[in-house]
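Notes for the one structure printed next.
Just so you know, ligand 1 is whichever comes first in the structure, and atom 1 is the first atom listed for that ligand.
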Amino acid sequence: MRKKLLLGNWKMNKTIAEAKEFACLSLEMAKQAAKNNIDIGVAPTFLGLDVIKKNNPSLIVAAQNVNENDAGAYTGEISVPMLEEIGIDWVIIGHSERRMYNNETNASCNKKIARLLKSHMTPVYCVGETLTQYENGETKSVVYEQLSVGLKDLTKDSVKDIVIAYEPVWSIGTGKNASKEIAEDVCAFIRSTLKDLFGEDVAESIRVLYGGSVKPENIHDYLTMPNIDGALVGGASLKLDSFQAMLQNIIK
Ligand code: PGA
């Protein structure tokens, strides 16, 4: 049975002080999630990682990116050993905003994922089609390419704890969430692709999330679908009350 997961992606929001406040005020929520066998966490900016980890150790704390090299002349980058030093072992990889603004590709995501798995860390690998690709009926071929290249040459054993997030680009931050049927159809396709690539046991153990305009009002619907194991949430994860409401609506 796959454990449900609610992960907030804060993007470039919240100062250190704001992140600390959220961490302190979410202690009770984290306990409630644990009691209900649900994983919850947030992905702040690099600057917010340490303060959240220290003030609410029960939350999963994920970075939003990492460099595949351990050290060197890579201005503006952060490496795996640097994250390990502050106890961070989850990282979002290949978010569509990074693909769009930072030229990340399936091949560069593959290097980052391989580096994370080498250190037994958990990548949350984001896949999903643009509006044009959706309108042209290319969703599955795009997602197939993102998976087959992004997860290339990884071993069955190392890949089993990875998380995949299906985030149609047209639904991110637009308020136009994909219907639960569309999301389930693609998440089921992701699972069957994982089965082709790594076998049934691995495909059944990997959590697949939906992301894109998830909010308290629609999260429950997604979580009732057999191949959707949780949500990656942007805007609605920033306020404590809506984060709390999403958790409640998963539990109910
Ligand atoms: P959104 O963002 O919930 O604001 O649409 C989701 C994401 O980018 O992960």
Side-chain angles (χ1 to χ4, degrees), residues 4-14 18-19 22 26 38-46 48-49 52 59-66 88 90-104 106 109 112-113 122-131 133-134 139 142-143 146-147 150 162-180 182-184 186-187 190 206-223 225 228-250:
K4 291 185 173 137
L5 169 60
L6 171 62
L7 187 62
N9 174 13
W10 286 352
K11 310 188 180 186
M12 199 174 70
N13 291 292
K14 290 196 191 289
E18 290 164 345
F22 188 103
S26 57
I38 298 168
D39 279 338
I40 62 168
V42 292
T45 70
F46 285 126
L49 293 168
I52 295 180
L59 287 177
I60 288 171
V61 188
Q64 297 173 16
N65 178 37
V66 75
I88 300 301
W90 283 60
V91 184
I92 296 174
I93 297 293
H95 189 278
S96 61
E97 286 148 17
R98 292 207 56 86
R99 291 177 188 261
M100 208 173 347
Y101 305 131
N102 301 84
N103 304 319
E104 292 201 3
N106 297 329
C109 290
K112 292 170 190 239
I113 293 169
T122 304
V124 179
Y125 180 44
C126 300
V127 299
E129 79 287 3
T130 63
L131 182 60
Q133 290 163 336
Y134 174 72
T139 300
V142 167
V143 169
Q146 290 169 328
L147 290 173
I162 197 173
V163 174
I164 306 289
Y166 168 55
E167 298 205 308
V169 181
W170 48 269
S171 75
I172 295 177
T174 59
K176 291 189 201 138
N177 54 301
S179 70
K180 63 180 195 292
I182 292 178
E184 166 63 18
V186 182
C187 290
I190 289 172
I206 291 179
R207 289 184 281 187
V208 181
L209 313 180
Y210 167 74
S213 298
V214 174
K215 42 188 184 267
E217 301 79 52
N218 61 26
I219 194 165
H220 182 74
D221 280 355
Y222 292 112
L223 272 290
M225 304 310 271
I228 303 179
D229 306 310
L232 181 57
V233 186
S237 73
L238 291 170
K239 293 230 166 69
L240 199 73
D241 55 353
S242 74
F243 201 65
Q244 169 79 50
M246 287 190 287
L247 175 64
Q248 294 308 337
N249 291 343
I250 295 176

In ligand 1, the atoms that come under 4.0 Å of a heavy atom of G212 are 5 (O)
Open item on the list: Less than 3.5 Å apart, any donor N or O on the side chain of E129 or W170 sitting next to an acceptor on the other?
Closed with: yes
query: Do L6 and I219 touch side chain to side chain, with heavy atoms closer than 4.5 Å?
result: yes
Closest heavy-atom pair, S242 versus P216, reported as atoms and distance to 0.1 Å, is O-CG, 3.7 Å
In ligand 1, the atoms that come under 4.0 Å of a heavy atom of S171 are 5 (O)
Test item: F46 and I88 side chains (from C-beta on) under 4.5 Å apart, heavy atoms | no
Next item on the list: Mark the output for G173 as yes if a heavy-atom distance to ligand 1 is under 4.0 Å, and as no if none is.
Entry: yes
So I92 and C126, do their side chains get closer than 4.5 Å, heavy atoms only? yes
Per-atom filter on ligand 1: closer than 4.0 angstrom to a heavy atom of H95 are 7 (C), 8 (O), 9 (O)
Atoms of ligand 1 under 4.0 Å from any heavy atom of G235, numbered from 1 in the order shown, are 1 (P), 3 (O), 4 (O)
The residue among N177, N249, V233 that forms side chain to side chain contact (heavy atoms under 4.5 Å, CB included) with K215 is N177
Note: I172, heavy atoms under 4.0 Å from ligand 1, region reported as both
_Does the residue K11 have a heavy-atom contact with ligand 1, meaning some pair of atoms that are separated by less than 4.0 Å?_
yes
Closest to atom 7 (C) of ligand 1 among protein heavy atoms sits E167 OE2, 3.2 Å
Residue, atom and distance of the protein heavy atom nearest atom 6 (C) of ligand 1 read G234 N, 3.4 Å
From the list E167, Q64, M100, E104, side chain to side chain contact (heavy atoms under 4.5 Å, CB included) with H95 holds only for E167
- prompt: Do any nitrogen or oxygen atoms of S213 lie less than 3.5 angstrom from nitrogen or oxygen atoms of ligand 1?
  reply: yes
**Pairwise side-chain contact, L59 with I40, heavy-atom cut-off 4.5 Å (strictly under)** = yes
### Query
Quick one: does G211 get a heavy atom under 4.0 Å from ligand 1?
no
